[in-house]
Number of protein chains: 2
Amino acid sequence: MSAQNPEQDLPEPRRAEPLDIERGDEVERTAPRSISAADRVRESILTGHFAPGARINEVHLSRALGVSRTPTRAALHALAAEGLVDYAHNRGFTVREFPLQAVLDAYQIRAALEGLACRLAAERGLADEQRAAMEQALRDGDDILRHETLNEDDLVAYRAMNVMFHDAILAAAQSRMLMEAVRLTLNMPGSTHRHIVSFKHDDVRRRHDDHHRLYQLIATGEGWRAEVLMREHVIGLAKQTV
Amino acid sequence: MSAQNPEQDLPEPRRAEPLDIERGDEVERTAPRSISAADRVRESILTGHFAPGARINEVHLSRALGVSRTPTRAALHALAAEGLVDYAHNRGFTVREFPLQAVLDAYQIRAALEGLACRLAAERGLADEQRAAMEQALRDGDDILRHETLNEDDLVAYRAMNVMFHDAILAAAQSRMLMEAVRLTLNMPGSTHRHIVSFKHDDVRRRHDDHHRLYQLIATGEGWRAEVLMREHVIGLAKQTV
DNA sequence: TTCAGCCAAACTGTATTCAGTTCGATTGAC
DNA sequence: GTCAATCGAACTGAATACAGTTTGGCTGAA
């Protein structure tokens, strides 16, 4: 039963942010069920809860999600366009498979895209918000690296810092399409900011040193050098992952 | 009426390929309505039939498509994930706007991605099929350029040749994700292979000369040079578009 | 005249129902 | 014992019905 219906125990709809709290003058609206459903299924796929290549049964899934088939199908269609599931007419949805080569290719694509983001950020300048985020990330990384050895808490903090830094650069590039393209490369099991690359002290220091140099290059408008360095930086992640 | 319901006259479901014809041993299945609907709406948006920013009424649209709201909504959700329409809860779908800067950025993104495709193609080698397609495209381009002046037929042939050449390189890169990322940059009004860049004889010859050099570099495995040239090639398209 | 509040029409979100296809098991012939 | 045809259960595709939200206009008071 549980082997045939892995949909049965999905992650609870973790309230990403404490809703129902007024923010400014506006009350946060409740998300539609199809969005919530997509988020939960995406999470399940990214965490490897669904086996690659497995067929997704709409009835079982909608039962597990506690909604009808309509929003469930909407969610699956959205995930299909995101590239996480495949769709075939009259045969429904299957979990997309990502062979090792595809994961490695994703790093190449991400390197090209984030490299471009660096160049655009350097050309267009950093807004206060992004500059602050990058400087905060640099400080956080410095703090982590002061530890002789790195523990679990450091790992969590490091990931958050890393996401903040890369997101700030993407935001500074001011291109929604570029963000969407990068998201394509992150939305796969094994190629996420969240996922583990080497956490040896030396590797972490080298990567964080890249961040410092990237910040300098972007801040001083040296777009081409920033692009090249970011490419190298991301490719290095792939090397440390395999 | 027609101003409020631009959905009323949609392009007919142009049978992309003469269906119901056996191909090999298998009969081509009829496409589901949601796919057909998505194709028609995508075409309408790309050809500028829907005004950017306009709200899309599900009832009117499904009536124009001749199907119920269910497949219509599925199609719109898919287009939303493709980036052609925006979605807001309880407010439905709107046609996405692409300001000039977004179109120019798309060329930058495409340049980075197709450059990467060239490098991968050079590293991984050309299969017979792709090699044949590229050589055919080069011959077709040569034929067109023999004409002293270029007419409408030449323009049509040139576009087909151009698509064949670029698609062959993407296929040779052997990365589905890369294809999907490139598609993001093409699926926008004003930034399509199909769209017009300069058709002056000198510009066409220069672009076609790039193709010859790209083919040589890929065939001889000079990935880095191919990447750089392709980047320059695509950026040049942007320059000739504005 | 202007603006706040209210009301109804229109629209979107979801559930349910029905129709058509797929796929596996069973049966029978060879 | 093997393979093909057939039948039925299970599943997907689409339509319809219903519920909740938005939106624009109307009314009436300031």
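Note that the structure is a prediction, hence the values are computed from the model and not measured. All chains are named by letter (A, B, ...) in the order of the sequence lines, taking the proteins before the strands, and each is independently numbered beginning at 1.
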_Pair His233(A), His211(A) - check side chain to side chain contact (heavy atoms under 4.5 Å, CB included), show working._
CA-CA 9 Å; His233(A) 177 70; His211(A) 283 194; 3.3 Å; yes

[X] [atom1] to [N] [atom2], straight-line distance once rounded to whole Å:
{"X": "Phe93(B)", "N": "dG13(C)", "atom1": "CZ", "atom2": "C1'", "value": "11 Å"}
{"X": "Arg91(A)", "N": "dT22(C)", "atom1": "CZ", "atom2": "P", "value": "7 Å"}
{"X": "Leu65(B)", "N": "dA14(D)", "atom1": "CG", "atom2": "P", "value": "12 Å"}
{"X": "Tyr87(A)", "N": "dA14(D)", "atom1": "OH", "atom2": "C1'", "value": "11 Å"}
{"X": "Arg55(B)", "N": "dT21(D)", "atom1": "CZ", "atom2": "C1'", "value": "11 Å"}
{"X": "Asn57(A)", "N": "dA9(D)", "atom1": "CG", "atom2": "C1'", "value": "13 Å"}
{"X": "Leu61(A)", "N": "dA10(D)", "atom1": "CG", "atom2": "C1'", "value": "16 Å"}
{"X": "Leu76(B)", "N": "dT12(C)", "atom1": "CG", "atom2": "P", "value": "10 Å"}

*Provide the closest heavy-atom pair for Met177(A) versus Ala106(B) in the form atom of the first, atom of the second, distance.*
SD-CB, 3.8 Å

*Atom CG in Leu116(B), atom CD1 in Ile169(B): separation rounded to 0.5 Å?*
12.0 Å

*Measuring from Glu82(A):CD to Leu184(A):CG, what's the distance to the nearest 0.5 Å?*
8.5 Å

*Check whether any side-chain nitrogen or oxygen of His89(A) sits under 4.0 Å from OP1 or OP2 of dT12(D), and answer yes or no.*
no

*Would you say a side-chain N or O of Asn90(B) is under 4.0 Å from OP1 or OP2 of dT12(C)?*
no

*Hey, could you give me each pair passing salt bridge (Lys or Arg N to Asp or Glu O under 4.0 Å) that has a residue in residues 171-180 of chain B? Not counting sequence neighbours.*
Asp86(A)-Arg176(B), Arg96(A)-Glu180(B), Arg176(B)-Glu180(B)

Please produce a list of atom pairs where a protein N or O lies less than 3.5 Å from an N or O of nucleotides 15-19 of chain C.
from	atom 1	to	atom 2	distance (Å)
dA15(C)	OP1	Arg33(A)	NH1	2.8
dA15(C)	OP2	Ser68(A)	N	2.7
dA15(C)	OP2	Ser68(A)	OG	2.6
dA15(C)	N7	Thr70(A)	OG1	2.8
dT16(C)	O4	Thr70(A)	OG1	3.4

*Are Asp39(A) and Arg42(A) ion-paired here, with the side-chain N under 4.0 Å from a carboxylate O?*
yes

*For Gln174(B), side-chain hydrogen bond (donor to acceptor under 3.5 Å, both in side chains) partners two or more places apart*: none

*Where the side chain of His60(A) is defined as all heavy atoms beyond and including C-beta, which of dT12(D), dT12(C), dC11(D) is the nearest nucleotide?*
dC11(D)

